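The structure appears right after this line, and notes come after that.
Residue numbers start at 1 and run along the sequence shown. Since the structure is predicted, the reported quantities are computational estimates derived from the model, not experimental observations.
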Amino acid sequence: VQLQASGGGLVQAGGSMRLACAASGDTLSRYTVGWFRQAPGKAREFVAATRASGGQRYNSDSLKGRFTISRDNAKGTVYLQMDSLKPEDTAVYYCSADRANWITGVLGDEGRYAYWGQGTQVTVSS
């Protein structure tokens with residue numbers, strides 16, 4: 001399966017942006033999907049994930065209050081709604097997927113995901 005992340009761009013601090021992750025070759029409704037991000041000079045970090053069978057996890061409470069991960073199974077797409085964006089949210093955002101249905105506690109382990117998209121740049125200006 002090939003993943004395609006889209007929706008990135010430039011936004012002012014305090015603004016919103018919605019990223020989308022779609023797949024070719026299969027439907028994401030069957031997959032656990034995670035969003036990760038990598039800022040310049042930093043390691044890639046977990047943002048949020050959703051299991052095919054339900055259940056979500058966010059990296060932190062602060063992200064959970066601003067970011068929302070959701071699915072549209074009819075479209076086979078997973079979204080990351082990002083509100084109240086901050087300059088420190090600037091990064092390349094990657095979506096990832098796997099057919100496994102892990103417990104929510106390990107959804108942030110990037111090594112578990114078999115499939116990765118190419119990333120989409122999100123830039124938040126101050």
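Follow the hydrophobic side-chain contacts under 4.5 Å out from Leu3 and you reach Ile69 in the same cluster. Under the 4.5 Å side-chain heavy-atom criterion for Ile, Leu, Val, Met, Phe, Trp and Tyr, Val1 and Val78 are members of the same hydrophobic cluster. Cluster membership for Phe36 and Tyr115, using ILVMFWY side-chain heavy atoms within less than 4.5 angstrom, is not shared. Under a hydrophobic clustering in which Ile, Leu, Val, Met, Phe, Trp and Tyr are joined whenever their side-chain heavy atoms come within less than 4.5 Å, directly or via other members, Val47 and Leu107 fall into different clusters.
Proximity of Asp89 to Phe67: side-chain heavy atoms (C-beta onward) are separated by under 4.5 Å at one or more points. The side-chain heavy atoms of Val11 and Ser125, taken from C-beta on, include no pair separated by under 4.5 Å. The closest side-chain heavy-atom distance from Leu85 to Met17 is below 4.5 Å. Contact of the Val106 side chain with the Arg57 side chain is not registered, since no non-hydrogen atoms from C-beta on lie closer than 4.5 Å. No side-chain heavy atom of Val122 sits less than 4.5 Å from a side-chain heavy atom of Val92. Residues Tyr93 and Met82 meet the side-chain proximity criterion, which asks for heavy atoms closer than 4.5 Å. Residues Tyr31 and Asp26 are in side-chain contact: their nearest non-hydrogen atoms beyond the backbone lie under 4.5 Å apart. Considering only heavy atoms from C-beta on, Asn59 comes within 4.5 Å of Glu45 through its side chain.
Other residues, nucleotides and ligands place more than 12 heavy atoms under 6.0 Å from the CD atom of Gln38.
Closest of all the heavy-atom pairs between Arg18 and Gln81 is CB-OE1, 3.4 Å. The two atoms that bring Leu28 and Ala97 nearest to each other are CD2-CB, 4.1 Å, heavy atoms only. Of all non-hydrogen atoms in Ala39 and Ala91, the two that sit nearest each other are N-CB, 3.7 Å.
Here Glu88 contributes atom CD and Ser62 contributes atom OG; the two are 9.5 Å apart, rounded to the nearest 0.5 Å. With rounding to the nearest 0.5 Å, the separation of CG in Asn101 from CD1 in Ile103 is 10.5 Å. A distance of 9.5 Å separates OG in Ser126 from CD in Gln12, rounded to the nearest 0.5 Å.
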Original post:
Is there a side chain to side chain donor-acceptor pair (under 3.5 Å) between Thr77 and Asp72 once you walk through the steps?
Top reply: CA-CA 5 Å; Thr77 302; Asp72 184 336; over 6 Å; no
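Residues Phe46 and Tyr58 keep their aromatic ring centres 6.0 Å or farther apart.
The cationic atom of Arg44 (NZ for Lys, CZ for Arg) lies less than 6.0 Å from the six-membered ring centre of Tyr94 and within 45° of the ring axis.
Note on Lys64 versus Asp61: no salt bridge recorded, every NZ/NE/NH1/NH2 to OD/OE distance being 4.0 Å or above.
Between the side chains of Ser84 and Arg66, no donor-acceptor pair is found at a separation under 3.5 Å. Counted by atom type alone, Thr123 and Gln121 present one or more donor-acceptor pairs between their side chains at under 3.5 Å. Side-chain N/O atoms of Asp83 and Ser16 include a donor and acceptor closer than 3.5 Å. Asp98 and Thr32 form no side-chain donor-acceptor contact under 3.5 Å, judged by distance and modelled atom types alone.
Under a 3.5 Å cut-off, the side chain of Ser96 and the backbone N or O of Trp116 do not form any donor-acceptor pair.
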